[in-house]
Structures are given as C-alpha cells and as structure tokens.
**Q** 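The structure is given below, and queries will be raised subsequently.
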2 protein chains.
Amino acid sequence: MSNEQFNALHYSDPMVARILDAGEQCIHRFGIRRTSMGEVARVGKLSRGSIYNHFNDKEALIEGIIRRRQESFLNRTEGRLENEATLVDKLTQSVLSGRKDMEEGLFAALAEIEPETVAMMFLDPRFYQRSLSFWPPHVRMAQEAGEVSAELDIVIATDLIMRLVVSLVMFPRMGVQLNTRSALRDYLQQMVSRGLGPAL
Amino acid sequence: MSNEQFNALHYSDPMVARILDAGEQCIHRFGIRRTSMGEVARVGKLSRGSIYNHFNDKEALIEGIIRRRQESFLNRTEGRLENEATLVDKLTQSVLSGRKDMEEGLFAALAEIEPETVAMMFLDPRFYQRSLSFWPPHVRMAQEAGEVSAELDIVIATDLIMRLVVSLVMFPRMGVQLNTRSALRDYLQQMVSRGLGPAL
DNA sequence: CAATGAACAATAATCAATTTCTGTTCATTT
DNA sequence: AAATGAACAGAAATTGATTATTGTTCATTG
C-alpha cells in the first residue's frame with residue numbers, strides 16, 4: 001500500500017521517464033486501445049512489472065502520459081508568453097499555440113486513430129482543471145499594469161479566460177472566422193477589455 | 001436525381017414526421033449504432049423503401065432527427081426568452097435550458113448509450129452553425145435598449161454569445177462553479193457588459 | 001530495495017463463419 | 001405520384017471459439 005503514485009508524478013525518476021517515453025511512443029503510433037503494457041515494456045526495454053511498480057493500471061499510465069504532455073505544453077507556452085507584453089497578446093499567443101499543438105502534437109496523431117477518445121477527453125472537465133493555475137499570475141500582472149480591473153476576482157477572470165481560450169482552440173470559427181493572429185487579437189482585445197458593453 | 005432532401009426538411013409532410021418520430025424513438029431507446037432502418041420502418045409502421053424516398057441514407061436520417069430536435073429546442077427556448085427583459089437574462093435562461101436539455105433530453109439518453117458519439121457531435125462545428133441565426137435579433141433588441149454598444153458588429157457579438165453559452169452548457173464549472181441562476185446571471189452580466197475591463 | 005520475469009485467473013481483443021443491415025432497383029399497390 | 005415489398009450484392013454487425021492482455025503475486029536478480 002505504498003502507492004503515492006496517484007498525485008505526484010516523478011518525471012525526474014529516470015525509470016518513470018522511460019516508461020512515459022515508451023508509453024507516449026506507443027500511443028502516438030498505435031493509439032490508446034491498441035497499446036498494451038507488454039508493448040510499452042518492450043519499447044522501453046524494461047519489465048512489465050516495473051510499469052506496475054509506478055502506475056496502478058493502464059489508465060493511470062495513460063493519464064500520466066497525457067499529464068506530462070499537458071505540462072510540457074504549458075511550459076512551452078509559458079516560455080512563449082514572455083515575449084508578449086499584454087494579457088491580450090498572451091491570450092492570442094496561447095490560442096495559436098493550442099491550435100498548433102492540436103494539429104501537430106500527440107493529440108493530432110491520436111485524433112486520427114481514435115477520434116472518439118480525443119473527443120471524450122476534450123469534454124472531460126478534469127482535462128481543463130489541470131490548466132487552471134496557469135492564468136492567475138498573468139491576470140495579476142495585467143492588473144498591476146492597469147490593463148484589467150484591479151477589483152477583478154482572479155478566479156472569475158481565469159474562468160472567462162479558460163472558456164475563451166478553450167473555445168477558440170476547439171472552434172477556430174464559431175460566428176466569425178478567427179484565423180489570423182490579428183483577427184484573433186482584435187477579437188480578444190474587445191472581449192477582455194469591454195465585452196459587448198457600451199462604446200468607449 | 002430528384003433528391004432535394006438534403007437542404008429542406010419538410011416536417012409538415014406527415015410521412016416525414018412519422019419517419020422522424022419513429023427514428024427518434026429508436027435512437028432514444030437503442031442509440032444510433034443499434035438502430036436499423038428496418039427497425040425504424042417497423043416502429044413507424046411504414047416500409048423501408050419509404051424512408052429511402054425521403055432520406056438518402058441512414059446518416060441523413062440521423063441528421064434529420066438531430067436537426068429537428070435542435071430546432072425544437074431553439075423554438076422552446078425562444079418562447080422562454082419572451083419573459084426575459086435583458087440580453088443577460090436571455091443568456092442565463094438559454095444556458096439553463098441548454099443544461100436541462102443535456103440532462104433530460106434525447107442527448108442525455110444517447111450519452112448513456114453512446115457517449116463517444118455525443119462527444120463527437122458536440123465537437124463538430126456544424127452542430128453550432130445551425131444555431132447561429134438565433135441570436136442576432138436579440139442582440140439588435142439589446143442594442144436598441146442601450147444594453148450593449150450600438151456600434152457592435154452583430155456577427156462578432158453572436159460569436160461571443162455562442163462561445164459563452166456553449167461553454168457554460170458543456171462545463172457548468174470551469175474555474176468557478178456556475179450552478180445557480182443568480183451566479184450565472186452575475187457572471188454573464190459582467191462578461192457581456194464589460195469583460196475583464198476597468199471598473200465602472 | 002527496486003527491477004525482473006514467471007505464473008496465474010479474470011477480462012478483453014481477435015478471428016473467421018454466420019447473420020443482419022444497407023442502399024439500390026423495380027414491379028406492384030394505393 | 002407516392003408508398004410498398006421483394007430481391008439483391010456488398011458492407012457491417014453478431015456470434016462463439018481462440019488468443020492476448022490485464023493486474024496480481026512472488027521468488028529471484030542486480
């Protein structure tokens with residue numbers, strides 16, 4: 001019962017990294033359904049028992065792989081945001097990064113093999129809960145810069161930001177085609193700074 | 001080649017109505033995968049040939065059923081909105097109606113039997129394109145009432161409204177738990193009237 | 001002490017044979 | 001004219017027997 005594998009993922013542990021690497025490779029090539037623990041072991045050149053030492057079951061392994069990917073995405077995105085001056089520019093960049101990842105990353109490969117699985121993941125609220133802690137620091141910076149209201153509840157602001165970003169990544173076009181960076185930026189500028197409210 | 005069945009759906013045609021009724025009953029009970037054209041014919045007490053007279057294939061029949069449901073939902077919602085004074089109240093009511101329909105309607109039954117199918121539908125942009133014409137009149141009314149900016153591009157306003165409503169129906173909780181009508185109304189009030197912008 | 005590999009019952013995937021369903025045609029009926 | 005029902009080939013689902021995978025245990029290894 002020494003299983004604390006649920007919460008903390010020890011990416012630094014070389015064994016865990018090897019398992020996740022092998023698992024991700026398998027998922028990328030064969031999809032989740034057709035990836036077996038034995039195959040992951042074979043690809044990672046380790047024993048099946050070792051995998052079960054670090055992950056309770058296949059589901060936990062898959063979740064670990066997805067989590068690491070998601071965190072890697074957030075880190076890469078965080079890096080890109082350092083070039084962006086305003087919150088609106090950061091949002092724009094995040095949507096573009098998100099779309100690129102959906103088109104080129106692990107999810108793109110998975111969506112080709114098992115689109116229903118990807119669809120289920122995207123509709124699972126837990127998928128987004130993990131990213132919720134990403135935005136508060138940026139909201140605070142925007143508050144200090146006077147870009148958004150200082151009285152703003154950070155949790156509520158994060159909520160709107162997440163909803164907009166998720167929606168814009170999932171649906172590049174809802175009513176308007178928001179393809180280009182500038183169209184996206186103008187749209188986000190208006191939505192964040194004054195919604196549909198009265199003209200300035 | 002006299003097939004104009006694609007675009008216009010003649011709900012007034014009693015034969016079409018019988019087919020859609022029977023089809024919907026089948027989908028509701030067995031799901032899409034386990035519903036056969038023969039079963040629909042049996043339930044509707046008509047011939048399989050008749051179904052193919054009005055719908056090119058099974059996919060077209062399913063789409064017809066979903067479309068009719070969606071239009072019925074929009075009509076019912078439109079009715080409920082007549083009691084609501086402001087755009088924000090209309091949005092609130094629409095989100096609540098949407099959630100109720102997701103919990104009790106055809107989609108709820110379908111989600112129990114074939115969750116992946118429902119997930120795929122919800123991530124299909126076409127699913128929302130059909131509802132895009134719903135909001136412009138309400139945006140215009142809000143403009144005339146001075147609730148939202150008169151210079152506002154209606155298409156852009158509709159885009160934000162759709163994104164918010166869809167997101168709030170799909171995910172009752174993103175950052176904040178938006179369960180109650182009042183919490184939802186307060187949230188929408190802020191997002192529509194001033195986004196994250198400066199305090200009034 | 002973690003990693004290994006073998007053994008194991010229970011569960012799930014696979015495969016080929018069979019049955020059902022789809023989409024089309026057409027002669028007949030209403 | 002539209003609805004019917006039967007016939008049909010090709011596609012898809014179902015079935016039951018077989019094989020692979022899962023998750024667990026444990027003695028052995030590095």
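Naming: A, B, ... by sequence-line order, numbering from 1 per chain. Keep in mind that the numbers below use all heavy atoms, side chains included, and drop hydrogens, waters and symmetry copies.
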**Q** Under a 4.5 Å cut-off applied to non-hydrogen side-chain atoms, are B/Phe55 and B/Leu20 in contact?
**A**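 A side-chain contact under 4.5 Å exists here.
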
**Q** Sort out for me which residue in A/Leu106, A/Leu110, A/Ile113 forms a side chain to side chain contact (heavy atoms under 4.5 Å, CB included) with A/Val118.
**A**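 One option only clears the test, and that one is A/Leu110.
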
**Q** Less than 4.0 angstrom between a side-chain N/O of B/His54 and OP1 or OP2 of D/dA2, yes or no?
**A**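 Negative; the distance criterion is not met.
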
**Q** In whole angstrom, give the distance that lies between atom CG of A/Leu61 and atom P of D/dG23.
**A** 10 Å

**Q** Between A/Met120 and B/Ala119, which heavy-atom pair has the shortest distance, and what is it?
**A** SD-CB, 3.9 Å

**Q** Would you check if the side chain of B/Lys58 reaches a backbone N or O of B/Thr35 as a donor-acceptor pair within less than 3.5 Å?
**A** yes

**Q** Are A/Arg68 and A/Asp21 within salt-bridge range, i.e. N to O under 4.0 Å?
**A**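 Salt bridge between A/Arg68 and A/Asp21, a charged N being under 4.0 Å from a carboxylate O: yes.
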
**Q** Output a table of nitrogen or oxygen pairs between the protein and nucleotides 4-8 of chain D separated by less than 3.5 Å.
**A**
| unit_1 | atom_1 | unit_2 | atom_2 | d |
| --- | --- | --- | --- | --- |
| D/dT4 | OP2 | B/Ser47 | N | 3.1 |
| D/dT4 | OP2 | B/Ser47 | OG | 3.1 |
| D/dT4 | OP2 | B/Ser50 | OG | 2.2 |
| D/dT4 | O5' | B/Ser47 | OG | 3.4 |
| D/dA7 | N6 | B/Arg48 | NH2 | 3.4 |

**Q** How long is the line joining NZ of A/Lys58 and C1' of C/dT11, in whole Å?
**A** 13 Å

**Q** B/Tyr52 has an atom OH; how far is it from atom P of C/dC26, in whole Å?
**A** 17 Å

**Q** Among residues 26-42 of chain B, which ones have heavy-atom contacts with DNA chain C below 4.0 Å?
**A**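 Contacts with DNA chain C under 4.0 Å: B/Thr35, B/Ser36, B/Met37, B/Gly38.
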
**Q** For the pair B/Phe122 and B/Phe127, name the ring-plane relationship: parallel under 30°, tilted 30 to 60°, perpendicular over 60°.
**A**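 B/Phe122 vs B/Phe127 ring planes: tilted.
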
**Q** Do B/Gln70 and B/Arg130 have a side chain donor and acceptor closer than 3.5 Å?
**A**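 Yes.
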
**Q** What is the separation between atom CD1 on B/Ile62 and atom C1' on C/dT22, rounded to the nearest whole Å?
**A**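 About 13 Å, once rounded to whole Å.
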
**Q** Looking only at the side chains, is there a donor atom on one of B/Arg181 and B/Gln93 sitting less than 3.5 Å from an acceptor on the other?
**A** yes

